[in-house]
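Only a predicted model underlies this, so the values are computations on that prediction, with no experimental measurement involved.
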Amino acid sequence: MKSVCREIEIVTVFDRYGNIKPIKFRLCDVNSNNIIRVDKILDVIDNISDDKKTVTYKCQSFIKKQEKLYNIKYDKEKSKWSLYGF
C-alpha cells in the first residue's frame with residue numbers, strides 16, 4: 001500500500017454509542033473532484049500513543065468495477081481525516 005497521505009473531506013454517521021462510521025469522501029485531484037463511497041469497513045483500529053489519539057479504518061470501495069483497499073485515519077485531537085494508500 002502506498003504511503004501517500006492526503007487530507008480529505010468526509011461524510012460520517014455516528015451510532016448511539018458514539019462510534020464513527022465513514023460513508024463517503026471527496027477525493028480532489030488536479031483535474032477532478034470525485035466522491036468515493038465507502039462500500040465496506042474491513043477493520044477499525046483505535047490507536048493511542050503518548051502524543052496522538054487516532055482511529056484507523058481499513059476500507060474497501062469498488063471504483064469502475066475495480067476493488068480498491070485503503071486506510072482512512074481520523075485524528076481525534078485535530079479533528080482531521082486523512083487518506084492513505086489510495
Side-chain angles (χ1 to χ4, degrees):
M1 192 174 286
K2 299 175 190 174
S3 61
V4 175
C5 171
R6 296 188 232 183
E7 279 193 15
I8 55 173
E9 296 175 1
I10 192 163
V11 174
T12 62
V13 294
F14 292 81
D15 66 13
R16 62 182 168 171
Y17 304 108
N19 298 316
I20 305 170
K21 180 182 177 188
I23 301 297
K24 60 185 176 180
F25 61 92
R26 179 174 294 147
L27 185 61
C28 299
D29 288 334
V30 176
N31 297 326
S32 64
N33 192 8
N34 297 316
I35 303 296
I36 307 296
R37 188 182 82 209
V38 177
D39 291 319
K40 192 173 188 179
I41 298 172
L42 304 172
D43 197 11
V44 179
I45 302 166
D46 222 350
N47 304 312
I48 300 173
S49 65
D50 294 334
D51 57 338
K52 278 192 173 182
K53 293 179 182 176
T54 62
V55 180
T56 302
Y57 298 85
K58 184 174 182 181
C59 301
Q60 171 186 357
S61 293
F62 287 93
I63 302 166
K64 297 180 183 176
K65 298 182 182 180
Q66 186 176 7
E67 179 186 66
K68 294 278 189 179
L69 298 175
Y70 53 91
N71 291 332
I72 298 174
K73 186 179 282 188
Y74 177 60
D75 186 328
K76 291 181 177 182
E77 294 175 359
K78 295 180 182 178
S79 297
K80 299 267 182 180
W81 289 89
S82 302
L83 175 66
Y84 293 88
F86 195 83

Query raised in the report: Is there any salt bridge (charged side-chain N to carboxylate O under 4.0 Å, His left out) pair reaching into residues 31-42, and which pairs are they, with sequence neighbours excluded?
Result: Arg37-Asp39

Taking the side chain as every heavy atom from C-beta outward, state whether [X] and [Y] have any atom pair closer than 4.5 Å.
X: Lys21; Y: Ile41; answer: yes
X: Val38; Y: Ile72; answer: yes
X: Val44; Y: Asn19; answer: no

Requested in this report: Apply side chain to side chain contact (heavy atoms under 4.5 Å, CB included) to Ile36 and Leu83, showing your working.
Outcome: CA-CA 12 Å; Ile36 307 296; Leu83 175 66; over 6 Å; no

List the atom of [X], the atom of [Y], and the distance in Å for their closest heavy-atom pair.
X: Phe14; Y: Thr12; result: CE1-OG1, 4.1 Å
X: Lys58; Y: Asn71; result: CA-OD1, 3.4 Å
X: Ile10; Y: Pro22; result: CD1-CB, 3.8 Å
X: Lys68; Y: Ile63; result: CG-CD1, 3.9 Å

Query raised in the report: Who pairs with Asp51 by side chain to side chain contact (heavy atoms under 4.5 Å, CB included), at least two apart in sequence or on another chain?
Result: Ser49

Requested in this report: Run through Ile20, Thr54, Thr56 and flag the one making a side chain to side chain contact (heavy atoms under 4.5 Å, CB included) with Tyr74.
Outcome: Ile20

Set of residues satisfying side-chain hydrogen bond (donor to acceptor under 3.5 Å, both in side chains) with respect to [X], sequence neighbours excluded:
X: Gln60; result: Glu67
X: Ser79; result: none
X: Asp43; result: none
X: Glu77; result: none

Report task. Can you measure from NZ (Lys73) to NZ (Lys52) and round to the nearest 0.5 angstrom? Result -> 6.5 Å

Report summary line: Contacts satisfying ring pair (Phe, Tyr, Trp, His ring centres under 6.0 Å) that involve residues 23-53 (not counting sequence neighbours) are Phe25-Tyr70

Report summary line: So ring pair (Phe, Tyr, Trp, His ring centres under 6.0 Å) across residues 28-49, not counting sequence neighbours, yields none

Requested in this report: Please name all residues satisfying salt bridge (charged side-chain N to carboxylate O under 4.0 Å, His left out) with Lys76, sequence neighbours left out, ordered by chain then number.
Outcome: Asp46

**Report entry** With sequence neighbours excluded, residues passing salt bridge (charged side-chain N to carboxylate O under 4.0 Å, His left out) with Asp75
**Finding:** none

